[in-house]
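Some notes on the structure that comes next.
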Number of protein chains: 2
Amino acid sequence: MATMQRMQTTGLELFYAKGYYNTSVDDILKKLELSKGAFYYHFDSKEDFFVQIIQNLLARKVYSSLIEPIEGHENPLTLITNCFDEAMETAVHNEMDFGCILSNFLTEFNGKNEVIMYHLNEIVTVWEVNLISALQKGKFNGYLDRHVDCEAVATFLMSSYFGVRILMTGLSPSAKKYRFMTQLRQYFKSIEAKPITV
Amino acid sequence: MATMQRMQTTGLELFYAKGYYNTSVDDILKKLELSKGAFYYHFDSKEDFFVQIIQNLLARKVYSSLIEPIEGHENPLTLITNCFDEAMETAVHNEMDFGCILSNFLTEFNGKNEVIMYHLNEIVTVWEVNLISALQKGKFNGYLDRHVDCEAVATFLMSSYFGVRILMTGLSPSAKKYRFMTQLRQYFKSIEAKPITV
DNA sequence: GAGTCAACAGACTAGGCGGTCTGTTTAAGT
DNA sequence: ACTTAAACAGACCGCCTAGTCTGTTGACTC
């Protein structure tokens, strides 16, 4: 049981760092000092292995870092700002940052593996749904302007976050983060509830 | 000479659709009905082949679709809006859209191949520089608010574009595009030159 | 018409890949 | 003590991959 978890943890590490297709089962087993027998005792195939990683590790990771932090009753724009800030700060401090795990896998498997894409898209949908409902709640509570299209805002936010994580893998990630955050705040200012013009 | 171009064109097609590591030299040669001898007569290696594709095809593609359209003297916010709109419209009409080519390769090679990453980042930098200068020119010409940080805007724009192209590979790309564009316009409104309050 | 060389063809190799299969160990049950 | 089976170990297989190497073709020269 502990072995299964170790396999999945190092599996995700290596898949994230080197990509799924570029990481062999032997690579993972070598790092764990385990054998082929151990792997295929616990998992049916490499694909089955990865699907379980998605459900057990990736889904929880996305939830704890991107969904749970925006579930409060405060201003959703503030919550999202802090959530993105923290997520990006983790990336900045991680010397081996390869971008957003979810977005990387979406890119790698798009058009190549329908089964895996299905599970990945499920996570994306959960994130989207939670973002939208957080925004709608914020609109109801008077934090957002009445005319704001919450679904559109969610799409825009997800896009920009996926994208900035790609850019942050390049030069000066902390500068990229700072610039991104200033413009996010600028954007948020434009959709927040307008004070009643007296 | 014509063979080299055919190789590069189909090479980019397949690399884009299936990924670099997931596309074998034989795959490309099979589609072209050519032999190993032909390939290694024209190119030193698979990596050399790809670097040439980047410089000959990818760089031009990015230039013609993302840089050249924003080089005019009009309002840069309008130019960028139309540029993104058109680029995304092409993606919507492409039944086999796998996202932004540049962003996909950035994701695939990040941390895996320094040589290729160098050439990819060169293209990113060119795009960034041109975006910034277009915005600065727009600021000088009174289209943008005086307090706008052009570098930050460029980072934000590149992020959001990379990201939305990923989302658009999922469900209802045209809806994603529409929502994205509404929020882009919203954001642009917040950084455009403010009319003098009388 | 003999020589030359660019532009290929295709057999070949060494290594890596996912996956299989036959063991072996170890601990618990009876 | 004997059985049973979970949890592995590791040799093995067929296939694929980047890259090599020895040819062959056909146009062009002199």
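Chain letters run A, B, ... following the sequence lines, proteins first, then strands; residues in each count from 1. These numbers come from the heavy atoms of this one structure, side chains and all, not from hydrogens, waters or symmetry mates. These numbers were taken from a predicted model, which means no experiment stands behind them.
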Phosphate OP1/OP2 of [N]: any [X] side-chain N/O under 4.0 Å:
X     : N      : answer
B/S24 : D/dT17 : yes
B/H42 : C/dC8  : yes
A/S35 : D/dG10 : no

*Please test B/I116 against B/F105 for side chain to side chain contact (heavy atoms under 4.5 Å, CB included), starting from the C-alpha separation and ending with a verdict.*
CA-CA 9 Å; B/I116 292 181; B/F105 287 143; over 6 Å; no
Could you give the [atom1]-to-[atom2] distance, from [X] to [N], as a whole number of Å?
X      : N      : atom1 : atom2 : value
A/F49  : C/dC17 : CZ    : P     : 15 Å
A/N113 : C/dG18 : CG    : C1'   : 14 Å
B/L29  : C/dA9  : CG    : P     : 9 Å
A/E33  : D/dG10 : CD    : P     : 11 Å
A/F43  : D/dA6  : CZ    : P     : 17 Å
B/D44  : D/dT20 : CG    : C1'   : 13 Å
B/Y40  : D/dT22 : OH    : P     : 17 Å
B/E47  : D/dT17 : CD    : P     : 19 Å

Choosing from [options], which nucleotide comes nearest the side chain of [X]?
X     : options               : value
A/L34 : C/dC8, D/dA9, C/dG18  : D/dA9
B/Y41 : C/dC8, D/dC8, D/dA11  : C/dC8
B/T3  : D/dG19, C/dC8, C/dG18 : C/dC8
A/K36 : C/dC8, D/dA9, D/dA11  : D/dA11

*For the residue pair A/Y161 and A/F84, categorise the inter-ring angle as parallel (less than 30°), tilted (30 to 60°) or perpendicular (more than 60°).*
tilted
*Want to settle it: does A/G37 or A/Y20 sit nearer the 5' end of DNA chain C, counting the closest nucleotide to each?*
A/Y20
*Go through the structure and list residues passing side chain to side chain donor-acceptor pair (under 3.5 Å) with B/N121, not counting sequence neighbours.*
none
_Tell me if the aromatic rings of A/Y16 and A/F98 count as close, with their centers under 6.0 Å from one another._
yes
*Can the ring centres of A/F109 and A/Y21 be said to be less than 6.0 Å apart?*
yes
_Regarding A/D27 and A/S24, do their side chains bring together a donor and an acceptor under 3.5 Å, going by distance alone?_
yes
*For B/N130 and B/S133, does a side-chain donor sit closer than 3.5 Å to a side-chain acceptor?*
no
*Pairing pattern in dot-bracket form [Watson-Crick, G-U; both distances under 3.5 Å; | = partner strand] for DNA chain D*: ||||||||||||||||||||||||||||||
*Indicate, yes or no, whether a donor-acceptor pair under 3.5 Å links the base of D/dG19 to the side chain of B/K46.*
no
